[in-house]
Amino acid sequence: MSGNISIFLELAGKALAVLLVANEIRGLILTAPVFYGLYQAGGTPMAIWIAICSLGGIVLSVVVPLFAAGKLKKLVLRYGNS
(Lines give C-alpha, C1' and ligand atoms only; values in the text may rest on other atoms or scores of the structure.)
Protein backbone atom coordinates (compact mmCIF):
# COMPACT_ATOMS: atom_id res chain seq x y z
CA MET A 1 0.00 0.00 0.00
CA SER A 2 2.83 2.39 0.84
CA GLY A 3 4.39 1.70 -2.56
CA ASN A 4 1.22 2.85 -4.35
CA ILE A 5 1.16 6.10 -2.38
CA SER A 6 4.83 6.66 -3.10
CA ILE A 7 4.28 6.15 -6.84
CA PHE A 8 1.30 8.51 -6.78
CA LEU A 9 3.28 11.18 -4.92
CA GLU A 10 6.17 10.83 -7.38
CA LEU A 11 3.83 11.28 -10.37
CA ALA A 12 2.13 14.21 -8.67
CA GLY A 13 5.54 15.80 -8.07
CA LYS A 14 6.51 15.44 -11.73
CA ALA A 15 3.19 16.92 -12.85
CA LEU A 16 3.70 19.80 -10.43
CA ALA A 17 7.18 20.43 -11.85
CA VAL A 18 5.77 20.67 -15.37
CA LEU A 19 3.06 23.05 -14.18
CA LEU A 20 5.65 25.22 -12.42
CA VAL A 21 7.68 25.52 -15.61
CA ALA A 22 4.52 26.53 -17.47
CA ASN A 23 3.80 29.07 -14.72
CA GLU A 24 7.28 30.58 -15.11
CA ILE A 25 6.78 30.93 -18.86
CA ARG A 26 3.38 32.53 -18.23
CA GLY A 27 5.04 35.01 -15.86
CA LEU A 28 7.58 36.00 -18.50
CA ILE A 29 4.85 36.48 -21.09
CA LEU A 30 2.77 38.61 -18.71
CA THR A 31 5.63 41.02 -17.98
CA ALA A 32 6.06 42.08 -21.61
CA PRO A 33 2.88 44.21 -21.80
CA VAL A 34 3.74 45.85 -18.47
CA PHE A 35 7.13 46.99 -19.71
CA TYR A 36 5.70 48.08 -23.06
CA GLY A 37 3.02 50.14 -21.31
CA LEU A 38 5.67 51.73 -19.12
CA TYR A 39 7.69 52.59 -22.22
CA GLN A 40 4.62 54.06 -23.97
CA ALA A 41 3.74 56.17 -20.91
CA GLY A 42 7.19 57.72 -20.93
CA GLY A 43 8.23 56.56 -17.48
CA THR A 44 5.97 58.90 -15.48
CA PRO A 45 5.79 58.25 -11.73
CA MET A 46 2.23 56.91 -12.01
CA ALA A 47 3.23 54.53 -14.83
CA ILE A 48 6.21 53.34 -12.80
CA TRP A 49 3.95 52.72 -9.77
CA ILE A 50 1.41 50.80 -11.86
CA ALA A 51 4.23 48.76 -13.41
CA ILE A 52 5.64 47.93 -9.97
CA CYS A 53 2.20 46.83 -8.74
CA SER A 54 1.57 44.76 -11.88
CA LEU A 55 4.96 43.09 -11.71
CA GLY A 56 4.48 42.45 -7.99
CA GLY A 57 1.29 40.58 -8.73
CA ILE A 58 3.01 38.54 -11.40
CA VAL A 59 5.90 37.76 -9.06
CA LEU A 60 3.49 36.58 -6.38
CA SER A 61 1.68 34.36 -8.86
CA VAL A 62 4.99 32.72 -9.71
CA VAL A 63 6.72 32.63 -6.29
CA VAL A 64 3.80 31.34 -4.20
CA PRO A 65 3.47 28.11 -6.26
CA LEU A 66 7.24 27.61 -6.06
CA PHE A 67 7.09 27.98 -2.27
CA ALA A 68 4.18 25.54 -2.11
CA ALA A 69 6.09 23.06 -4.27
CA GLY A 70 9.03 23.22 -1.88
CA LYS A 71 6.77 22.48 1.07
CA LEU A 72 5.12 19.62 -0.83
CA LYS A 73 8.52 18.16 -1.73
CA LYS A 74 9.53 18.16 1.93
CA LEU A 75 6.30 16.37 2.83
CA VAL A 76 6.85 13.78 0.10
CA LEU A 77 10.41 13.16 1.26
CA ARG A 78 9.29 12.85 4.87
CA TYR A 79 6.31 10.57 4.34
CA GLY A 80 7.23 8.90 1.06
CA ASN A 81 10.14 6.94 2.51
CA SER A 82 8.33 5.59 5.56
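- Every residue was checked against the salt bridge (Lys or Arg N to Asp or Glu O under 4.0 Å) condition with Lys71, not counting sequence neighbours, and none meets it.
- Contact between Leu60 and Pro65 at its shortest, heavy atoms only, is O-CD, 4.0 Å.
- For Ser61, the side-chain hydrogen bond (donor to acceptor under 3.5 Å, both in side chains) criterion is met by Arg26, not counting sequence neighbours.
- Among the candidates Ile25, Leu19, Val18, the single residue satisfying the side-chain contact (heavy atoms from CB on, under 4.5 Å) test with Val21 is Ile25.
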